[in-house]
Asks: 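Take a look at the following structure, please.
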Amino acid sequence: MRDIIFQQLTDSQRKAVFHVEGPLLVIAGPGSGKTRVITYRIAALIDSGVPPSNICAITFTNKAADEMRQRAIALGASAGAHISTFHSLCVRILRNYADRAGINPNFSIYDESDQTSSIKQAIKDSDLNTTDFPPARMLEAISTLKNKLVDVEFFQTNAEDFFSKTLARIYASYQSILNEHNALDFDDLLMKAAFLLRDFPDVCRQLGERFKFLLIDEYQDTNHAQYVIAKALVSHHNNICATGDPDQSIYRWRGADIRNILDFENDWPDAAVVKLEENFRSTPNILQWADKLISFNRKRKEKKLIPTKQSGKDVVVNVCEDETKEAQAVVYQIKQLVEQGSSLKDIAVFYRVNAMSRILEESFIRNRTPYQVIRGVEFYGRKEIRDMLAYLKVLANPSNEIALLRIINTPARGIGKTTIDKIKTFASQNQISLFEAIKKAEHIESLAKTTKDKLAAFVKMFGKFSKRIAGKVAPLAEFIFTESGLAESLQAASSQGQDEYENVKELISAAAYYDQETEQPSLTDYLQQISLFSDVDGYDASSDRVALMTLHAAKGLEFENVFIIGVEDGLLPHARSGAYENDDDLEEERRLFFVGITRAKSGLHISYAKYRTLRGQMLHTIPSQFLFELGIDFAETAAESQSQPAETDEFGTAIQHFTGGQKVRHKLFGLGQVKEFIDMGENSVVIVKFNSGQIKSLMVKYANLKIV
DNA sequence: CATAGCCGCCTTTTT
DNA sequence: GGCGGCTATG
C-alpha cells in the first residue's frame, strides 16, 4: 500500500525520501511538495527499521507540527516520532535536564507583555529612564544577543562603548528579574538549550542517541541558536535533513540567518543535495509573476519554478480609491468567486500589518460573509484569558511575580496599590519573593488588620488550589474560575462580560482537550505548551470562512484564491522594515511578497489604494515598487477596475515633464532632486533622490510632485 | 481603595 | 485610532 504512494513521487522527490543516512539538504521551491517529502521520509525511515522514537522532526509552527503528525499517522507511520517546533523541543529538553541547565523545571515562559514589564523594571533598576532607553528597543537588542548566544557575562566583559555598557547593565538586570521570577523568555529557551548541549557532552550524547535522525523544515528561517542546537544534536551521527527555500526566508528581523541554509554544504561537506523545482500548486500565470518578482533579488541562488499545472486565470490587479473601497472590492470579488462555485475556506486575504484587518472585517460583516482573522495573539491575548491563566501560572510557579500582580486584586478584593507597595518593600528587605511576603503579611507592621485578613484569605484560597494541582488541568481551571470569584465578576458585568465568561469557558474546554490528548497531563506542561501557541496554530482550515492574515502568517499555507491588499510604497515594502536603508531588508520584503503570491493555486488578486488613512490622516499613496518591477500597466488596470470609475481630473490633465537636476517636493518624502524622467505618456515615471537619501521611482500622475 | 476619564504615546512582521 | 498609565474624584 505504502509502495503505491511512494510510486507517485517524482524522481527528485524520491531521491529526497530515500536518501537515509548522512546529511541531506533539500532545496525546495514553493508548492514543490516539500512537506509531503518530509512526511514520506519519516515513513521511509520507519520502513527501513528505524524506531519512530529515534526520529525528531522540527517544524516552524505548532500547526505545521500537528499536520505533519497527522499525515505521518495517515501514512501508516506509527506515532511516536517527536514532531514539534524548536521552541517546544527546547522546553522538553530544559525540563528533563533542568538541574544540569541550572533552572527550576516549573519555569514560566514569559510572553511579550511579560517581557515588556520585566524590561521596564530592569531599566528602572539600572537607574535609567524609559525615554532614553525605550523598552521595545532594549528587548530587541537583548533578543538579538540571545539569538547569537551572547550571554550576560560575555557581553558585560566585552562591552566597550557607552551604549554597550549601558545595555549590558540592563541585560544583566533583566536576566536577574527573570531569574527571580523563575521565568524564561522565548529566546532563553533556545539559548539555554544551546548552552546545555555545549557545556554537557554527556547530555549532548544522550540526546544524539535518542534522536538518531533529525529533520528540520523551513531551515532558511533558523537563527544562530537553532543552528547550534541542530549541529550539536547531530554531532555524533550527522543524520540531518534540512529542507527549505532561501527565497522564502522572511524572519531576518527575528534573527533568522539565511547563511545557515546557504552554508549547509560547507557545514556538512558530504551532504547530498536535492532540488525540488517543480511546482504542483500554482498555475503558470501565477508562477510567472512570482518568478519575475524574485528575479529582482540579487543575493540569491538561482532557482527555477517549473509549472506542472495547466494555464489558468490571469492575475488581477485592482487599483482602488481608498482602503474602504479596497475592502469592498475584495468582498465583492469573493462573492463573485462564490457564485462561480468557490467555497469560502479556499479563499484568503493577506496584508502586511495586522492593523489592516479591521477595515476588512467591517466589510465582511456588512456583507454577511463569514471570515476568521489569524492574528498573533488574538485569543490568548484577551484580558479575561490572561487573568485566568495568571491564576494557573502563579499556582504552578509562585515566583511568577507578573502573574501574581495581575490577579492579586482581580477580581477586586480590596488589595490596592498601597498594600502592594508595602509588600514589595517587605519582600525586598527580607530577600523573599512577593508570594512569600504575602504569606508573611501578618509580620508587616504598617498593614491594617483588615488588610492582613484580606491577604490571609488570598493565601488560603491558593492553599485550596494547590491541593488539586496534580493531574488534569481542566477540572482545576474550572475550580479556580469559580472559587477565585472571577466567574462571578464576569457574570455580574455587562453583556460584554458574558462574552468574556464564554471565552474562559472555551479556554477550559481547550484545556480539557489537552487533558485528553496528553499522556501525562500536568499544569506545568500545559502552561509551557500554550505559551508557545500562536493564533496561526489555531487556524481552522475546515470551517467555511475566508481566512484573513498577515503575509508572515501565510507561510506554509495554500489557497485556491488569494488576495493581497495594500501593495503600496511604505506598506510593502514597509517603511519601518529598513528596506529604504539597505538592500537586505528590501530583498526580504520582496521575498515576503513572493511568499504571498506563491500561496495562490489558481486565483491571485493584488490591489492597492490610491488613498489610505494613516494615524487618522488620509494620505496619497504610491504603488509599491514591486508592482513597477512586475511591469504593471497602471493605466490599463485602472480602466479595468470597474468598481471604481477613474477620476477625470487625473486622466484629463497633461502629464508634467521633468528634467534631471530639478529640485522637487513630495508630500511624504519631502525635498529631492530629479535623477531621471522616463516619458511614457500618461504612465511617465520620474526617479527622484530625496534628501533623506532614498531613491524612488514615482508615477508622475500619482506622485503630485511640485517643482521648487 | 475603586473608578472614570483624560492625556500622551506609539503603530511591522512572531516563536 | 487604540492602549497604557496617570490623576482626580467618590
Side-chain angles (χ1 to χ4, degrees), chain A residues 58-65 84-91 109-113 115-117 120 130-131 134-137 139-140 143 146-147 184-191 193 218 221-223 225-226 249-256 323 350-359 374-378 380-381 383 408-421 448 450-451 454 489 528-537 549-556 566 570-579 585 588-589 591-593 595-596 613-618:
Chain A
I58 301 201
T59 56
F60 196 73
T61 63
N62 285 299
K63 161 119 183 131
S84 77
T85 62
F86 257 113
H87 286 83
S88 291
L89 176 69
C90 290
V91 166
I109 299 170
Y110 269 9
D111 66 13
E112 207 184 314
S113 76
Q115 288 182 55
T116 306
S117 42
K120 281 181 185 164
T130 48
T131 332
R137 287 269 186 79
L139 274 181
E140 205 188 313
S143 171
K146 288 183 178 177
N147 286 157
L184 303 183
D185 66 18
F186 290 126
D187 302 313
D188 281 334
L189 297 173
L190 302 176
M191 186 171 74
E218 309 282 13
D221 279 320
T222 49
N223 62 31
Q226 292 167 327
S249 163
I250 54 175
Y251 283 94
R252 212 170 87 88
W253 53 275
R254 215 175 70 186
E323 72 271 21
F350 305 152
Y351 34 80
R352 180 61 176 82
V353 296
N354 281 309
M356 290 169 74
S357 74
R358 238 196 64 241
I359 200 89
I374 290 94
R375 197 181 342 232
V377 283
E378 184 76 336
Y380 290 104
K383 184 189 170 298
I408 188 156
N409 203 27
T410 309
R413 44 174 77 90
I415 304 172
K417 193 181 179 306
T418 327
T419 309
I420 291 168
D421 282 345
T450 46
T451 314
K454 286 171 187 164
S489 78
Q528 290 174 347
Q529 291 299 318
I530 61 162
S531 298
L532 300 174
F533 238 71
S534 73
D535 234 34
V536 193
D537 303 319
M549 67 188 87
T550 63
L551 285 160
H552 282 91
K555 175 159 120 163
L571 264 181
L572 186 68
H574 198 276
R576 303 202 50 161
S577 64
D585 284 322
E588 173 139 320
E589 293 288 303
R591 289 194 293 268
L592 191 54
F593 193 21
V595 166
T613 315
L614 266 163
R615 281 173 239 157
Q617 270 204 313
M618 182 78 112

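Order of the sequence lines fixes the chain letters, A, B, ..., with proteins taken first and strands second; residue numbering starts at 1 for each chain.
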Asks: Under 30°, 30 to 60°, or over 60°: which ring-plane class applies to A:H552 and A:W253, parallel, tilted or perpendicular?
Replies: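 Geometry flag for A:W253 against A:H552: perpendicular rings.
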
Asks: I need the single residue from A:N223, A:T222, A:L189 that forms a side-chain contact (heavy atoms from CB on, under 4.5 Å) with A:F86. Which is it?
Replies: A:T222

Asks: If the P atom of B:dT13 is compared with that of C:dG4, how far apart are they to the nearest Å?
Replies: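 About 16 Å, rounded to a whole number of Å.
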
Asks: Listed by chain and number, what are the ring-ring contact (aromatic ring centres under 6.0 Å, His included) partners of A:Y351, not counting sequence neighbours?
Replies: none

Asks: Nearest 0.5 Å, what's the OG-CD distance between A:S88 and A:Q528?
Replies: 10.0 Å

Asks: Please report, rounded to the nearest Å, how far the P atom of B:dT11 is from the CD atom of A:E140.
Replies: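 Interatomic distance, CD of A:E140 to P of B:dT11: 11 Å.
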
Asks: Are the charged groups of A:R591 and A:E588 less than 4.0 angstrom apart, N to O?
Replies: yes

Asks: Taking atom P of B:dT14 as reference, at what distance in whole Å does atom CZ of A:F60 sit?
Replies: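 About 10 Å, once rounded to whole Å.
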
Asks: Using only side-chain N and O atoms of A:N354, determine if any of them is under 4.0 Å from OP1 or OP2 of B:dT13.
Replies: yes

Asks: What contact category does A:T550 fall into here, base, sugar-phosphate, or nothing, at under 4.0 angstrom with non-hydrogen atoms?
Replies: sugar-phosphate

Asks: Picking from B:dT11, B:dT13, B:dT15, which would you name as closest to the side chain of A:H87?
Replies: B:dT15

Asks: To the nearest 0.5 Å, tell me how far A:D585 CG sits from A:S577 OG.
Replies: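 A:D585 CG to A:S577 OG: 5.5 Å, rounded to 0.5 Å.
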
Asks: Would you please determine if the base of B:dT13 is stacked by A:W253, with stacking meaning a centroid separation under 5.5 angstrom and planes under 30 degrees?
Replies: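 A:W253 ring centre within cut-off of B:dT13 base, planes near parallel; stacks.
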
Asks: Looking at B:dT12, does its base get a donor-acceptor pair with the side chain of A:H574 below 3.5 Å?
Replies: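 There is none.
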
Asks: Report the distance from atom CZ of A:R137 to atom C1' of B:dT12, rounded to the nearest whole Å.
Replies: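 To the nearest whole Å, that distance equals 14 Å.
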
Asks: Could you state the atom-to-atom distance from CD of A:Q115 to P of B:dT14 in whole Å?
Replies: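 Rounding to the nearest Å, CD of A:Q115 and P of B:dT14 are 15 Å apart.
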
Asks: Donor-acceptor check, side chain of A:T116 to backbone of A:E112, threshold 3.5 angstrom: yes or no?
Replies: yes

Asks: Between A:Y110 (OH) and B:dT14 (P), how many Å, whole number?
Replies: 23 Å

Asks: Counting distance only, does the side-chain N/O of A:E589 pair as donor-acceptor with the main-chain N or O of A:H574 below 3.5 Å?
Replies: yes

Asks: Measure all distances between protein nitrogen or oxygen atoms and nitrogen or oxygen atoms of nucleotides 1-5 of chain B, and list the pairs falling under 3.5 Å.
Replies:
{"from": "B:dC1", "atom 1": "OP1", "to": "A:G416", "atom 2": "N", "distance (Å)": "3.3"}
{"from": "B:dC1", "atom 1": "OP1", "to": "A:T419", "atom 2": "OG1", "distance (Å)": "2.2"}
{"from": "B:dC1", "atom 1": "OP2", "to": "A:T418", "atom 2": "N", "distance (Å)": "3.4"}
{"from": "B:dC1", "atom 1": "OP2", "to": "A:T418", "atom 2": "OG1", "distance (Å)": "2.5"}
{"from": "B:dA2", "atom 1": "OP1", "to": "A:N409", "atom 2": "ND2", "distance (Å)": "3.2"}
{"from": "B:dA2", "atom 1": "OP1", "to": "A:G414", "atom 2": "N", "distance (Å)": "3.1"}
{"from": "B:dA2", "atom 1": "OP2", "to": "A:N409", "atom 2": "ND2", "distance (Å)": "3.0"}

Asks: Starting the side chain at C-beta, find the nucleotide from B:dT15, B:dT13, B:dT14 nearest to A:T85.
Replies: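 Of the options given, the side chain of A:T85 lies nearest B:dT15.
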
Asks: Just N and O in the side chain of A:R576: are any of them under 4.0 Å from OP1 or OP2 of B:dT13?
Replies: no

Asks: What nucleic acid atoms does A:Y251 come within less than 4.0 Å of, heavy atoms only: base, sugar-phosphate, or nothing?
Replies: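 Counting heavy atoms under 4.0 Å across all strands, the contact made by A:Y251 is with sugar-phosphate only.
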
Asks: Can you name the nearest heavy-atom pair linking A:D185 to A:Q115, along with the distance?
Replies: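 Taking A:D185 first and A:Q115 second, the nearest heavy atoms are CB-CD, 3.8 Å.
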
Asks: Once you round it to whole Å, what is the distance between C1' of B:dT13 and CD1 of A:I250?
Replies: 8 Å

Asks: Expressed as a whole number of angstroms, how long is the span from A:L572:CG to B:dT12:P?
Replies: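 Checked: the CG to P distance equals 15 Å.
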
Asks: Are A:L190 and A:H87 close enough that some pair of their side-chain heavy atoms sits under 4.5 Å apart?
Replies: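 Side-chain contact under 4.5 Å: yes.
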
Asks: Using a cutoff of under 3.5 Å, can you pull out all pairs of nitrogen or oxygen atoms linking the protein to nucleotides 2-10 of chain C, with atom names and distances?
Replies:
{"from": "C:dG5", "atom 1": "OP1", "to": "A:K120", "atom 2": "NZ", "distance (Å)": "3.3"}

Asks: Nearest-Å distance, OH (A:Y351) to P (B:dT11)?
Replies: 19 Å

